[in-house]
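Each ligand, and each atom within it, is numbered from 1 in the order the structure gives. Model, not experiment: these values are computed from the prediction.
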Amino acid sequence: MPAVVLVGAQWGDEGKGKATDLLGDQVDYVVRYQGGNNAGHTVVIGDQKYALHLLPTGVLSPEVIPVIANGVVIDPGVLLEEIDGLKARGISCERLLISASAHLIMPHHKALDKVTERYLGKAKIGTTGRGIGPAYGDKIARMGVRVQDLLDPGILRKKIEVALNEKNQVLTKVYNRRVIDPDKVLEEYLGYAERLKPYIADTSLVLSRALDQGRVVLLEGGQGNLLDIDHGTYPFVTSSSPTAGGACAGAGIPPTRLTRVIAILKAYTTRVGSGPFPTELLDERGDWLRTTGHEYGTTTGRDRRCGWFDAVIARYATRINGVTDFFLTKLDVLSGLERIPVCVAYEIDGVRHDEVPMTQTDFHHAKPIYEEFPGWQEDISEAKSFDDLPPNARAYVRTLEEMSGAPISAIGVGPGRTQTLQLRPLV
Ligand code: IMP
């Protein structure tokens, strides 16, 4: 009954889509357990490129059952667009299961996300503007609208009216925006209900039975460790728990059933949005990483901030998630460098820190302490095994492994499906 969790080890965008897709052939269920269409996975199959935001990557493998679990917040319009887009390209989403307990992103969530960011000015989070934070806010405040409410028009109307009673006051009186008409929202969401009904299921029960039957369940986290609401760089985080612990609550699977935690780790570091980032490069080296690594957001198209590998945050990911394996991605991007700096610790007010500091104030002041390692000039994108890598690339991988505290079990050497070196089985 293997239940494998896949998490981002840094600030998201580590290349999880490639990992889930690689594992797709070995798993029976691929489950998204948190986040919403703030995430973005790019998967390249042959000459086709797929950008998925809400659907689990498993949807691209015909044998896999993709699941959107209870911990996700769903924008139904976006979900249907994604389903239709794949259908137009010959990919069926018929097997998709959507948890009846997942929450819906409503029009007022999107309006509030944008307007609150604007009011924060320089202190803004840099959200994706998709309504994620306000939707989770309402969930915690117990005034959210859930997928199961789509099945009961009377309840749906009541919930929309109750929510808009309050939110319209906020939108008009605090933010000077227009009111949102509850009747229009109801009509729109009843339309979604018609189309989404066939997919709605008790996904926790489905997954529990699947595990009883020895099926392989892959739990796919969005974002990354440092964007976790509890363990990330708060408040510059997303509003859910991408970490391995969040997978249990977000999918309705008990912790005792998890068998493996695979963390996706980019060979350098990137982040989108505001917040501390000790190894960020604000010079031409950062531009070089961005261009060479194509570091532009899948969801918003924003430039990603880029910097060297940070072993402190990799160790932190190991500790928070109980990482059993790392999947190192984008090693090929570093080809051609004379020397490669790696941040091994921070200096904060003259004191060395080997762990992520306890307070955000310290994290904001952390200066990286670098060690440099020799680079390699060869193109490694055609490598088929670890031994095909140049000695310095192998040494770089082994160094990251030692510093990060868990074995590197797979390495990405290019965006394609076949450009992955597998060092040991991942399931
Ligand atoms: P939100 O999730 O839209 O509320 O945005 C909160 C923060 O998380 C912002 O800094 C976003 O840029 C960041 N974020 C959300 N989703 C992703 C992702 O998939 N990759 C990287 N950053 C993300």
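Defined by atom type and a distance below 3.5 Å, a donor-acceptor pair is missing between the side-chain atoms of Gln10 and Tyr268.
For the pair Arg157 and Glu161, the salt-bridge criterion is met [side-chain N within less than 4.0 Å of a carboxylate O]. For Arg339 and Glu372, the salt-bridge test passes: some basic side-chain N is under 4.0 Å from an acidic carboxylate O.
Cation-pi geometry between Arg302 and Tyr296 is not met: the NZ or CZ atom fails to fall both under 6.0 Å from the ring centre and inside 45° of the normal.
With values rounded to the nearest 0.5 angstrom, Ser240 atom OG is found 7.5 Å from Asp228 atom CG.
For the salt bridge (Lys or Arg N to Asp or Glu O under 4.0 Å) test, no residue two or more places apart in sequence or in another chain qualifies with Glu82.
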Polar pairs, ligand 1 vs protein, N/O only, below 3.5 Å.
from: ligand 1; atom 1: 2 (O); to: Asn38; atom 2: ND2; distance (Å): 2.8
from: ligand 1; atom 1: 2 (O); to: Thr238; atom 2: OG1; distance (Å): 2.6
from: ligand 1; atom 1: 3 (O); to: Thr128; atom 2: N; distance (Å): 2.8
from: ligand 1; atom 1: 3 (O); to: Thr128; atom 2: OG1; distance (Å): 2.6
from: ligand 1; atom 1: 10 (O); to: Val272; atom 2: O; distance (Å): 3.2
from: ligand 1; atom 1: 12 (O); to: Gly126; atom 2: O; distance (Å): 3.3
from: ligand 1; atom 1: 12 (O); to: Val272; atom 2: O; distance (Å): 3.3
from: ligand 1; atom 1: 12 (O); to: Arg302; atom 2: NH2; distance (Å): 3.0
from: ligand 1; atom 1: 16 (N); to: Asn38; atom 2: O; distance (Å): 3.3
from: ligand 1; atom 1: 16 (N); to: Gln223; atom 2: NE2; distance (Å): 3.1
from: ligand 1; atom 1: 19 (O); to: Asn38; atom 2: O; distance (Å): 3.4
from: ligand 1; atom 1: 20 (N); to: Asp13; atom 2: OD1; distance (Å): 3.1
from: ligand 1; atom 1: 20 (N); to: Asp13; atom 2: OD2; distance (Å): 3.2

